[in-house]
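A short worksheet on the structure shown next.
Numbers restart at 1 for each chain; the letters A, B, ... are given by sequence-line order, proteins then strands. Note that the structure is predicted; figures quoted are calculated from it, not measured.
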Amino acid sequence: MSESTRAQRNTAVKRRARLDRLTTQIVAGGGIAVMLLVAGIFSYLLSVALPLFTPASISAPTALEKPSGKPEAPVLFDLDESGEIAYRLVPNGVLTFIDVDSGLPIATRQLEIGAGIHRVHRPDPGRTLYALESADGHLHFLELTFPVSFATGTRERQIRVEPPFRDSVIDLQQWAPAGVKDLAVHLEEATLSVAILDGRDSLQILRYADAEAGLPLLPPERHWLSADGLTPVRLFLGSLQWLFVLHADGRTDAWDVRFPEDARRLASRALAPADVDAVTLLLGGGALLVPQGRGPDVSVAHWFPTRLDGGGFQWVRVRDFPIGKQIASLIPETRRRGFLVLAVDGDISIHHTTAATTLTVARPLSAAPNAFALSARGDELILEDANGGLQRIAIDNEHPEVSRSALLDRVWYEGYPAPQYTWQSTSASTDFEPKFSLAPLIVGTLKAAFYSMLFAIPVAALGAIYCAYFMAPGLRAWIKPSVELMAALPTVILGFLAGLWLAPIIERALPSVLLFAVLAPVLCVTLGAFIQLLPRTRLRVLPDGWQALAMIPVLLFAASLANAYGPSLEHAFMGDIRAWLRTQLAIDYDQRNAIVVGIAMGVAVIPVIFAIAEDAISSVPARLSHGALALGATRWQALFLVILPTASPGIFSALMIGFGRAVGETMIVLMASGNTPILDWDPFTGMRTFAANLAIELPESVVGSSHYRVLFLSALVLFAFTFLVNTIGEAVRQRLRERYGEL
Amino acid sequence: MIALALLLVFGILSLIATRGLGHFWPDDLWEIELAAEAGAPRAVLAIIADEETATDRSGANRGRVLLRSGNRDLAPPEFFWVDARNMRTRSRPADAGVIERRARGNAHGYVDAVLLGERALARGPESWAFAEKLLADVQLKRTRLESERRTRIAALARASNNAQERLRRAQAESGVGSAVETRSAQADAARLAYREATADLRRREVELARTALLLRLADGTLHRVPIVDIERMWRPNGMSIGARLAHQADSIAAFLSRSPREGNTEGGIYPAIVGTVVLVLLMAVMVAPLGVLCALYLHEYARPGPGVRLLRIAVNNLAGVPSIVYGVFGLGFFVYVLGGSLDALFFADTLPSPTLGTPGLLWAALTLALLTMPVVIVSTEEGLSRIPKDVREGSLALGATRSETLRSVILPSAAPAILTGVILAVARAAGEVAPLMLVGVVKLAPRLPIDGEPPFLHLDRQFMHLGFHIYDVGFQSPNVEAARPVVFATALLLVLVIVALNLTAIVLRNRLHRRYGVFDV
């Protein structure tokens with residue numbers, strides 16, 4: 001052999017070896033990729049859901065540049081929407097804007113307000129719009145806006161101070177010549193409401209229907225409210241509906257002022273605040289945060305008026321947030337139902353009402369600040385101490401509305417008569433309280449799965465037993481592909497048939513359907529018994545193992561019988577079975593209900609259960625049943641005493657896997673269940689499952705919001721649950737296979 | 001119980017088949033005179049859409065009939081139930097016609113005349129034949145006008161826009177001067193050309209719209225129906241069985257090849273078919289290599305042990321994970337994370353409007369590939385396990401390396417199994433809807449995901465899908481009654497495709513079994 005051929009051979013061998021190694025690597029890479037994928041899906045879902053449960057945190061304060069000299073104490077101290085510019089207003093009308101990053105003043109405006117300003121209100125928490133009460137009895141409105149401009153090529157914030165309405169001054173003396181003790185202002189949907197408590201302790205409410213048109217131009221509706229001989233001290237007006245009046249003796253009234261001409265005092269009770277000045281409204285204006293107790297018993301109580309069952313309203317102290325020390329101020333958030341507590345000793349704690357949580361407590365300060373402002377997003381707090389020094393505190397509190405109790409326990413939502421489980425994630429209004437109770441979804445998911453298993457288990461398990469043990473091989477060769485085809489039916493088709501075709505039929509012919517459910521098994525069993533009684537020779541008509549086909553006419557007969565006698569059955573229920581159900585059993589009937597879902601989803605899971613169960617039964621070694629039969633057992637005895645006990649783990653695993661399918665099925669439930677997140681187990685009402693909820697809500701959800709993460713959490717729960725169920729099913733099957741191997 | 005299961009399967013299939021095909025059958029048109037108390041129009045020309053028979057206790061007929069009277073805009077309502085007792089007379093006049101319109105559904109009536117403006121081109125009995133001839137001619141012209149709008153007018157619009165853009169750039173660079181003037185003149189000329197062409201097209205469209213049918217409804221009122229608005233017209237009562245079959249075939253062809261109209265409740269499903277096909281093909285291209293690699297690893301390369309057992313359980317579990325979870329993963333990870341970062345890397349100039357960071361074809365195909373991978377793995381593995389050890393060892397004994405054995409012995413033998421797996425995966429993917437709702441399917445896509453524009457296959461586009469079409473038309477459309485036939489027809493198509501794919505897979509698998517039967521001892 002020449003050198004060159006040997007060299008060639010060598011390179012060829014090397015090349016082949018290299019190729020071999022490469023292939024091995026690629027193939028192994030493919031295998032590992034799949035493994036990584038499973039782990040990846042799980043960990044990705046987890047990584048999105050996990051931030052829901054990270055606790056809030058408060059950073060150490062960073063001191064900003066200290067302005068020279070000691071400024072006058074502000075009547076207004078606030079932040080713009082984006083949290084970039086802080087501003088402070090002093091009584092003489094000087095408005096100073098401060099860049100939050102540097103702490104330096106960037107602009108100053110002198111407001112043209114005759115006398116000094118002694119109080120500032122914020123009528124709409126969604127806007128940086130203020131009502132300034134001047135010492136000479138006028139109410140001036142002004143709005144600060146900070147448009148972004150790119151005129152010079154770089155991003156620049158402009159500052160505009162403008163009257164929000166055509167004419168933005170209300171002369172309070174005209175309405176309250178005796179002077180103003182307290183005042184509350186609220187602006188919503190261009191309707192401006194002003195509640196005034198005057199020097200003679202009389203209460204009145206002014207309502208400007210179209211504030212944008214100009215305040216003095218359109219005279220307001222004016223209505224007096226009776227103080228009932230008490231001494232009101234503070235007013236709270238946070239919505240079109242509720243006016244809360246705090247009296248000197250601690251009693252608090254709730255007035256419904258939606259129609260001021262017909263204002264009604266709905267609830268009155270001693271809320272007994274420990275500190276009248278610290279009481280504040282919560283977002284939405286329907287609830288009060290009230291500091292209560294003394295010393296170590298200090299807490300913040302969340303109160304709101306709620307409708308009683310028998311009519312009327314009542315103040316309820318829904319929940320308490322223990323603080324344990326003297327409170328300096330409460331700061332409600334402007335976009336969420338959360339609030340901050342500043343304690344006298346400099347403690348700051350963050351709370352959320354719906355979630356009933358104290359998210360974090362920290363002591364970044366040595367004393368309570370002089371003035372403070374919380375950014376609109378609730379992620380930044382600017383504080384001013386008594387010397388005018390500014391401090392900035394970053395707050396990391398992304399998802400306060402989610403807590404274990406908000407997800408799983410009954411929650412008393414604002415305005416609801418009692419605590420309850422509710423899933424209501426979004427709404428058009430901005431001061432909406434999101435309700436993230438998973439309970440209705442969990443129950444809905446299990447309910448849908450339960451009713452479908454109710455239908456599927458008998459059909460699939462009995463069918464599998466018959467098919468594997470009794471059926472003639474010739475027929476079996478046909479059955480298995482048919483069942484496989486059934487498995488291949490897209491669920492969207494089953495769902496649409498269930499929703500558009502089956503649901504109206506069941507609604508119209510409910511008695512017939514119920515009758516069929518009873519008649520079909522009864523008739524089948526009767527006929528089966530009848531066949532058994534026939535003499536053996538007659539049985540030749542139907543060869544052994546083909547009896548199943550004989551049942552088809554029986555079922556059709558049962559169906560026609562049910563169809564014929566259903567209406568007469570309905571007459572027995574006063575002519576309308578749905579009305580009867582509603583009046584006699586208090587069961588509501590929805591057109592798209594659990595029965596419809598059960599049937600449609602049953603059709604979807606039958607083939608899954610059937611295939612695995614059939615496999616388990618038919619792979620029981622034939623020797624076992626042959627042995628039993630040889631020992632004189634009948635076929636039934638062999639089945640019940642030998643085959644089924646041996647195959648029962650396999651049937652169990654079939655049920656588990658079928659259940660996993662039913663829990664995660666989406667389209668059928670989406671189309672046939674009505675998708676109302678209610679919490680009951682009634683067969684004739686709908687439900688909303690996790691899967692359908694994801695399909696409905698995820699496309700609309702804002703990426704990174706609490707809602708988005710809660711949806712990911714529910715996907716994670718689905719994933720984990722089906723994974724668990726399937727793993728159990730698989731493990732049982734593997735064990736069974738090994739056992740058959742031994743037999 | 002077996003019997004019930006069988007009944008269910010074949011019952012469902014035949015229900016869909018009859019309802020779906022029935023949609024295309026030219027039903028008889030009944031002229032029905034209703035009793036005054038029926039609460040409906042006095043006389044209608046209607047198709048009997050549904051019938052319910054019932055008797056009350058005394059045995060009297062309490063049945064009711066769902067009539068579809070067409071003329072949604074001319075004489076509403078289109079669908080209404082009437083008591084069978086209230087139908088005084090009914091007949092099937094041979095000259096009653098169904099006019100399928102491009103908008104507002106079908107019209108039912110008699111053609112009294114064919115008009116050009118106010119002048120009659122034909123009157124009386126010969127108008128129908130005249131109208132049919134005219135219709136063919138008008139449709140040809142309309143198609144030409146439409147294609148002209150798509151090509152020539154669009155090109156002129158583009159040219160005008162480009163000229164404007166050049167002018168703007170010239171102004172930004174130099175401000176004034178001869179260059180700017182030339183550009184300005186060019187821009188004006190381009191705009192003028194575009195305006196003139198549009199006006200000319202518009203004029204011809206108006207001209208075309210002047211011919212109309214004078215349609216007399218059952219209640220005697222006369223209506224103008226412009227011929228351009230007509231898709232097809234037929235007189236069902238006079239049709240023979242053969243003519244009806246031909247009509248049905250024609251309708252099915254139109255259903256398969258046209259775009260939807262009227263909020264998807266009418267017209268065809270062509271874009272949904274294209275969307276589905278492109279989607280599953282793309283998915284098959286993605287899933288086949290990965291699935292086969294994993295199966296090869298599991299069966300040929302990995303040493304048996306806890307690792308392999310774990311992997312196998314993972315694969316089996318992936319098959320059981322709800323499809324919506326894949327959709328959630330696809331939306332969160334593929335669309336927002338992967339798509340978002342790809343956008344930041346390659347399409348930064350169009351941000352913030354996303355290119356790949358939004359649901360689209362690519363992510364939908366990838367999501368479905370994940371979803372169907374277990375199918376391919378399981379099927380391939382089964383094929384691999386059927387190859388006898390002797391064959392493998394023989395190859396190795398002859399000096400072939402493992403990769404050579406794999407390439408020239410194992411893979412060819414397993415090819416049918418792999419193909420079976422891919423077909424099953426395609427069948428599964430074609431029927432899957434839930435995850436797609438999150439990652440890219442839309443109710444109406446303006447453009448197909450595959451077309452003549454480079455790069456021909458548009459991975460970033462959203463698409464239509466048969467399964468979603470069923471859900472959307474059946475459950476989200478305002479006129480469910482009118483939409484139902486389309487839903488059944490679409491369902492029929494989807495079922496046929498999926499049954500065909502599954503049968504192919506079953507047959508392939510059986511042949512595979514027979515082929516390796518010889519190795520079994």
So B:Ile12 and A:Val603, do their side chains get closer than 4.5 Å, heavy atoms only? yes
When only pairs under 4.5 Å are counted, which of A:Ile32, A:Leu497, A:Ile657 shares the most heavy-atom pairs with chain B? A:Leu497
For A:Arg16, salt bridge (charged side-chain N to carboxylate O under 4.0 Å, His left out) partners two or more places apart: B:Glu404
Would you mind checking which part of B:Leu296 comes under 4.5 Å of any heavy atom in chain A, side chain (CB onward), backbone (N, CA, C, O), both or neither? both
Region of B:Leu501 that comes under 4.5 Å of a non-hydrogen atom in chain A: neither
Once rounded to the nearest 0.5 Å, what's the spacing between atom CG of B:Leu438 and atom CD of A:Glu697? 11.5 Å
As an exercise: rank B:Gly291, B:Ala427, B:Pro289, B:Gly320 by heavy-atom pairs under 4.5 Å with chain A and give me the winner. B:Gly320
Ring pair (Phe, Tyr, Trp, His ring centres under 6.0 Å) between A:Phe496 and B:Phe488, intermediate numbers included: CA-CA 9 Å; A:Phe496 119 78; B:Phe488 272 101; 5.0 Å; yes
Most heavy-atom pairs under 4.5 Å with chain B, out of A:Val608, A:Val48, A:Val703, belong to A:Val703
Nearest heavy-atom neighbours spanning B:Asn502 and A:Ala488: ND2-CB, 3.1 Å
To the nearest 0.5 Å, what is the distance between CG on A:Asn726 and CG on B:Asn317? 5.0 Å
Side-chain donor-acceptor contacts of residues 662-670 of chain A below 3.5 Å, not counting sequence neighbours, with atom names and distances?
from     : atom 1 : to       : atom 2 : distance (Å)
A:Glu665 : OE2    : A:Thr491 : OG1    : 3.3
A:Glu665 : OE2    : A:Met667 : N      : 3.1
A:Thr666 : OG1    : A:Gly664 : O      : 3.3

Can you tell me which of A:Gly31, A:Ala487, A:Ser482 forms the most heavy-atom pairs within a distance under 4.5 Å of chain B? A:Gly31
Please name the pair of heavy atoms, one in A:Thr722 and one in B:Pro322, separated by the smallest distance, quoted to 0.1 Å. OG1-CD, 3.3 Å
Any side-chain heavy atom of B:Val433 within less than 4.5 Å of one from A:Pro490? no
Do you know which of B:Thr490, B:Val439, B:Leu494 has the most heavy-atom pairs with chain A at a distance under 4.5 angstrom? B:Leu494
The interface call for B:Leu406 against chain A, heavy-atom contacts under 4.5 Å, is side chain
Given side-chain contact (heavy atoms from CB on, under 4.5 Å), test A:Val492 with B:Glu432 step by step and report yes or no. CA-CA 7 Å; A:Val492 65; B:Glu432 199 58 71; over 6 Å; no
Where do B:Val325 and A:Leu45 land on the side-chain contact (heavy atoms from CB on, under 4.5 Å) test, with the steps shown first? CA-CA 9 Å; B:Val325 173; A:Leu45 295 179; 3.9 Å; yes
Please rank B:Val487, B:Leu424, B:Leu290 by heavy-atom pairs under 4.5 Å with chain A and give me the top one. B:Val487
Portion of A:Phe455 that has a non-hydrogen atom of chain B nearer than 4.5 angstrom: side chain
In terms of heavy-atom proximity below 4.5 Å to chain A, should B:Asn316 be classed as side chain, backbone, both, or neither? side chain
Do you know which of A:Leu22, A:Ile41, A:Leu718 has the most heavy-atom pairs under 4.5 Å to chain B? A:Ile41
Go through the atoms of B:Arg312 and report whether side chain, backbone, both or neither lie under 4.5 Å from a heavy atom of chain A. neither
Measuring heavy-atom distances to chain A, does B:Phe468 have an atom under 4.5 Å in its side chain, in its backbone, in both, or in neither? neither
Is the side chain of A:Asp20 donor-acceptor paired with the backbone N or O of B:Ser403 at a distance under 3.5 Å, no angle test? yes
Out of curiosity, A:Leu500 CG to B:Arg19 CZ, how far, rounded to the nearest 0.5 Å? 10.0 Å
Applying a strict 4.5 Å limit to non-hydrogen atoms, the region of A:Leu485 in contact with chain B is side chain
As an exercise, state the distance from CD1 of A:Ile493 to CD1 of B:Ile16, rounded to the nearest 0.5 Å. 5.0 Å
Under 4.5 Å from any heavy atom of chain A - which part of B:Tyr336: side chain
Applying a strict 4.5 Å limit to non-hydrogen atoms, the region of B:Val337 in contact with chain A is side chain
Under a 4.5 Å heavy-atom cut-off, does chain A meet the side chain of B:Phe475, its backbone, both or neither? side chain
First locate atom CZ of A:Arg21, then atom CZ of B:Arg402, and finally report the distance between them rounded to the nearest 0.5 Å. 13.0 Å
Counting only heavy atoms closer than 4.5 Å, note whether A:Arg592 contacts chain B via side chain, backbone, both or neither. side chain
By a 4.5 Å heavy-atom criterion (distance strictly below it), what part of A:Phe690 contacts chain B: side chain, backbone, both, or neither? neither
Under 4.5 Å from any heavy atom of chain A, what part of B:Val315 do you find: side chain, backbone, both or neither? side chain
Rounding to 0.5 Å, atoms OG1 (A:Thr24) and OH (B:Tyr301) come to a distance of 4.5 Å
Go through the atoms of B:Ile498 and report whether side chain, backbone, both or neither lie under 4.5 Å from a heavy atom of chain A. side chain
So, the part of A:Ile26 with a heavy atom under 4.5 Å from chain B: the answer is both
B:Arg428, part contacting chain A, at a heavy-atom distance under 4.5 Å: neither
Per-residue contact mode, B:Ala491 against chain A (heavy atom under 4.5 angstrom): both
